[in-house]
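Take a look at the structure below.
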Amino acid sequence: GAVVSQHPSWVICKSGTSVKIECRSLDFQATTMFWYRQFPKQSLMLMATSNEGSKATYEQGVEKDKFLINHASLTLSTLTVTSAHPEDSSFYICSASVIVGRGYEKLFFGSGTQLSVL
Amino acid sequence: GDSVTQMEGPVTLSEEAFLTINCTYTATGYPSLFWYVQYPGEGLQLLLKATKADDKGSNKGFEATYRKETTSFHLEKGSVQVSDSAVYFCALRYNQGGKLIFGQGTELSVKP
């Protein structure tokens with residue numbers, strides 16, 4: 001079945017550094033990629049939606065200059081957390097959307113990245 | 001705004017026990033409802049869904065019924081297995097391409 005590869009699966013970094021998370025669709029071309037984050041004991045929250053070759057659309061309250069999303073190809077999207085701080089420590093998950101058959105959408109999720117900022 | 005609330009985990013059961021994971025939602029319209037499952041080390045996978053009131057979604061022995069009157073979509077399974085150990089997420093969505101609104105996830109641990 002279709003697979004979305006997300007890495008790294010976990011990362012520890014120092015405050016002030018930038019961290020890049022990659023999300024690849026391995027055997028299909030994703031028309032849209034979604035990025036979510038989940039703080040402990042809270043819901044998985046959508047951060048942004050991106051379509052290949054265009055700027056990402058960010059949800060209210062998500063800083064676009066801090067969470068840079070690049071969707072340069074139909075199989076790769078990256079999320080860069082710039083100047084990370086401890087409050088950015090969270091679980092980040094990507095999701096890739098593909099239209100199959102009669103316009104039916106399927107969603108595939110990465111396994112997530114646990115970011116810890118010291 | 002729209003939201004989804006799930007029962008807190010972790011839920012620990014013995015093999016062959018009956019499972020219920022509660023999910024309630026708040027919605028301004030008429031969304032579709034979903035259950036996703038995340039096995040250790042893997043991405044979320046769609047487990048089942050229901051698109052309108054009174055619909056029942058089912059898959060792999062799991063069931064959930066879209067109850068508009070109680071705004072609920074509880075997940076049930078009659079006899080759980082160790083291999084069902086995972087995190088389960090309830091979610092709602094209005095249309096394809098739209099935003100999925102998730103609950104916080106419920107971890108299930110099934111002991112032999």
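Note that this is a predicted model, so its numbers are computed, not measured. Per chain, numbering begins at 1; letters A, B, ... match sequence-line order.
- Hydrophobic cluster membership differs between B:L44 and A:V4, with clusters built from Ile, Leu, Val, Met, Phe, Trp and Tyr side chains linked at under 4.5 angstrom.
- For chain B, the nearby part of A:Q42 is the backbone; its heavy atoms alone come within less than 4.5 Å.
- With a threshold of 4.5 angstrom between heavy atoms, B:Q38 approaches chain A through side-chain atoms but not through N, CA, C or O.
- The 12-atom threshold is not exceeded at CD of B:E8, counting heavy atoms of other residues, nucleotides or ligands nearer than 6.0 Å.
- Summarising the local packing, CD of B:Q81 is surrounded by more than 12 heavy atoms from other residues, nucleotides or ligands at distances under 6.0 Å.
- Residue B:V11 is grouped with residue B:F62 when hydrophobic side chains (ILVMFWY) are merged at heavy-atom distances under 4.5 angstrom, including chains of intermediate members.
- A 6.0 Å sphere centred on NZ of A:K64 holds no more than 12 heavy atoms belonging to other residues, nucleotides or ligands.
- With a 4.5 Å cut-off on non-hydrogen atoms, A:L46 touches chain B through its side chain but not through its backbone.
- The most heavy-atom pairs under 4.5 Å with chain A, out of B:Q6, B:R93, B:E42, come from B:R93.
- For chain A, no part of B:Y39 is nearby; none of its heavy atoms comes within less than 4.5 Å.
- For the atom pair OG (A:S43) and CD (B:Q104), the distance works out to 5.5 Å, reported to the nearest 0.5 Å.
- Nearest heavy atoms, A:Q38 versus B:F89: NE2-CE2, 3.8 Å.
- Residue B:I101 does not touch chain A at all, counting heavy-atom pairs closer than 4.5 Å.
- Of all the listed residues (B:G103, B:G105, B:G41, B:P40), the one sharing the greatest number of non-hydrogen pairs under 4.5 Å with chain A is B:G103.
- Under a 3.5 Å cut-off, the side chain of A:E105 and the backbone N or O of B:Q96 do not form any donor-acceptor pair.
- Heavy atoms of A:Q6 lying under 4.5 Å from chain B are absent altogether.
- If you chain together hydrophobic residues whose side chains sit under 4.5 Å apart, A:V19 and A:V117 fall into the same group.
- When hydrophobic clusters are built by joining Ile, Leu, Val, Met, Phe, Trp and Tyr residues whose side-chain heavy atoms come closer than 4.5 Å, directly or via intermediates, B:L92 is grouped together with B:L75.
- Residues B:L100 and A:Y36 are in side-chain contact: their nearest non-hydrogen atoms beyond the backbone lie under 4.5 Å apart.
- For the set A:T31, A:T49, A:L107, A:I93, the count of heavy-atom pairs under 4.5 angstrom toward chain B peaks at A:L107.
- Cluster annotation: B:Y66 and B:M7 are assigned to the same hydrophobic cluster (Ile/Leu/Val/Met/Phe/Trp/Tyr, side-chain heavy-atom contacts under 4.5 Å, transitive).
- Here the straight-line distance linking atom CD of B:Q45 with atom CZ of A:F108 works out to 10.0 Å at 0.5 Å rounding.
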